[in-house]
Protein chains: 2
Amino acid sequence: MTATIDKEARQDGGELLRLDRQLCFALYSASSLVTRLYRPLLEPLGLTYPQYLVMLVLWEKAPRTVGALGEALGLDSATLTPLLKRLEAGGLVNRKRDPADERRVLIEPTAAGAALRERAKEIPKALSCQLPLSQDEIVDLHGTLTRLTRALREPEDQSAQAG
Amino acid sequence: MTATIDKEARQDGGELLRLDRQLCFALYSASSLVTRLYRPLLEPLGLTYPQYLVMLVLWEKAPRTVGALGEALGLDSATLTPLLKRLEAGGLVNRKRDPADERRVLIEPTAAGAALRERAKEIPKALSCQLPLSQDEIVDLHGTLTRLTRALREPEDQSAQAG
DNA sequence: TTAAATAAGATCGTATGCGATTTAATCGTC
DNA sequence: GACGATTAAATCGCATACGATCTTATTTAA
């Protein structure tokens, strides 16, 4: 018992509070730095990074409702509505009420928005060159993050199984 | 040549543009979801997540200049100045000009800010319980992200060796 | 069938983030 | 010792983010 120092006393909880120990900060930093790499590539296209994400979703399938976009990206209408209005003002998407359900707003790329896709194709290639990680590391990292995201997005699976 | 379809044609560049293929989006999603886990834990302390990061840095060493905080967190004065003013308004930090160099502003926790550290100690524990990853995965992920961050933050090591 | 409940977006207020500029203080050089 | 260059914060403008509320349209139920 003499060698075993009380954990709380030894660490003072301070070890756990060190910035470089926080997974959240590692995520936060990496995310903003990678986003920063996109900026110069997206600027010629007239897109911000979140706008680029919205266009990625729309290029896959359109039209989509604001809600469906939010579902795909993890954003709500408070964020998306102004963003979509800016994309509309920039001539990249159309917004129109769904005639079948006037509550919904359908978003789809305009011709200009669709055309932008061709130029966007260069971005993933250009970007992956700048990432200081091996292919294996990228695949691994992507897999871990996807699992993390999926698990955190699940609503309430805790009733019977949890962890 | 019949079986070998042109790569660009086969993928249409579209594979590369799929949202679920983007490392950036995996990072972006994971980061916001994890940040969201902090919100309910930080709210009782009266802190937002970026404010919590600032306090983590200050709890390690204080006083610090605005610039030093920005260096540690990857933020600039445009973000930090208003944030620090809010922390000051909340009574958690003091801001005063460095007498030795009036350009600098020194930030340090108040007594209340220092005391908050005790309550914050519970947060990393509470949070790690909510992460659906094994210890190994967390360590691995943290390591990869740290390397990524470090590499992306390095300025220009390309010329020869810099330093 | 119509009033209550619900659903989908929009809006408001507040807090980041960041590029660009501004202001004030210090440094370098002559 | 004066003056231009540099540095440190602050400020401005714009674009996310998000909790809370509001409005309108649809669905449910009595």
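Lettering of chains follows the sequences in order, A, B, ..., and the numbering in each one begins at 1.
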Visitor: What residues, two or more places apart in sequence or in another chain, satisfy ring-ring contact (aromatic ring centres under 6.0 Å, His included) together with B:Y52?
Guide: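 With neighbours one apart ignored, the set is B:Y38.
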
Visitor: Using the side chain to side chain donor-acceptor pair (under 3.5 Å) criterion, which residues pair with A:R86? Sequence neighbours excluded.
Guide: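 Per chain and number, A:R86 pairs via side chain to side chain donor-acceptor pair (under 3.5 Å) with no residue.
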
Visitor: Expected output is a numbered-order residue list: members of residues 64-73 of chain B with a heavy atom under 4.0 Å from any atom of DNA chain D. What is it?
Guide: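 Hits under 4.0 Å, by residue number: B:T65, B:V66, B:G67.
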
Visitor: Can you list every pair that meets salt bridge (charged side-chain N to carboxylate O under 4.0 Å, His left out) and has a residue in residues 138-149 of chain B, with sequence neighbours left out?
Guide: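 Residue pairs passing salt bridge (charged side-chain N to carboxylate O under 4.0 Å, His left out), neighbours aside: A:E137-B:R147.
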
Visitor: Kindly say if A:Y28 contacts the phosphate of C:dG17, meaning a side-chain N or O under 4.0 Å from OP1 or OP2.
Guide: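 Yes, within the criterion.
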
Visitor: Send over the distance from A:R104 CZ to C:dA10 P, rounded to a whole Å.
Guide: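 Rounded to whole Å, this separation is 14 Å.
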
Visitor: By side chain to side chain donor-acceptor pair (under 3.5 Å), which residues pair with A:R39, not counting sequence neighbours?
Guide: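 For A:R39 there are no side chain to side chain donor-acceptor pair (under 3.5 Å) partners, ignoring immediate neighbours.
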
Visitor: Once you apply a heavy-atom cut-off of 4.0 Å, does B:L83 come out as touching a base, just sugar-phosphate, or nothing?
Guide: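 Answer is sugar-phosphate: B:L83 comes under 4.0 Å of backbone atoms only.
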
Visitor: Would you give a per-nucleotide map of nucleotides 18-27 of chain C, 5' to 3', where B means the base has a protein non-hydrogen atom under 4.0 Å away, S means only the sugar-phosphate does, and - means neither?
Guide: BB-----BS-

Visitor: Would a distance-only check, ignoring hydrogens and angles, find a side-chain to backbone donor-acceptor pair under 3.5 Å from B:T65 to B:A68?
Guide: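 Judged by distance alone, yes, a pair lies under 3.5 Å.
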
Visitor: Which nucleotide span of DNA chain D, 5' end to 3' end, has atoms closer than 4.0 Å to non-hydrogen atoms of chain A?
Guide: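 In short, chain A contacts DNA chain D from D:dA15 to D:dT26.
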
Visitor: In whole angstrom, what separates B:Q51's CD from C:dG17's P?
Guide: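 Distance check: B:Q51 CD to C:dG17 P gives 10 Å.
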
Visitor: What pairs with B:E88 under side chain to side chain donor-acceptor pair (under 3.5 Å), at least two apart in sequence or on another chain?
Guide: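 So B:E88 forms a side chain to side chain donor-acceptor pair (under 3.5 Å) with B:R95.
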
Visitor: What pairs with A:D20 under side chain to side chain donor-acceptor pair (under 3.5 Å), at least two apart in sequence or on another chain?
Guide: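 By the side chain to side chain donor-acceptor pair (under 3.5 Å) rule, A:D20 matches A:R18.
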
Visitor: Could you point out which residue of A:K96, A:R64, A:K61 forms a side-chain contact (heavy atoms from CB on, under 4.5 Å) with A:E108?
Guide: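 Passing option: A:K96.
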
Visitor: Rounded to whole Å, how long is the line connecting atom CG of A:L84 with atom P of C:dA8?
Guide: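 It is 16 Å, rounded to the nearest whole Å.
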
Visitor: Can you list the residues that meet the ring-ring contact (aromatic ring centres under 6.0 Å, His included) rule with B:F25, with sequence neighbours excluded?
Guide: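 By the ring-ring contact (aromatic ring centres under 6.0 Å, His included) rule, B:F25 matches no residue at all.
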
Visitor: Tell me, which pairs form a salt bridge (charged side-chain N to carboxylate O under 4.0 Å, His left out) where one or both residues lie in residues 24-34 of chain A, sequence neighbours left out?
Guide: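 Applying salt bridge (charged side-chain N to carboxylate O under 4.0 Å, His left out) to every pair that reaches into residues 24-34 of chain A, excluding sequence neighbours, yields nothing.
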
Visitor: May I have all residue pairs that pass ring pair (Phe, Tyr, Trp, His ring centres under 6.0 Å) and include part of residues 95-122 of chain B, sequence neighbours excluded?
Guide: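 Pairs touching residues 95-122 of chain B that pass the test: none.
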
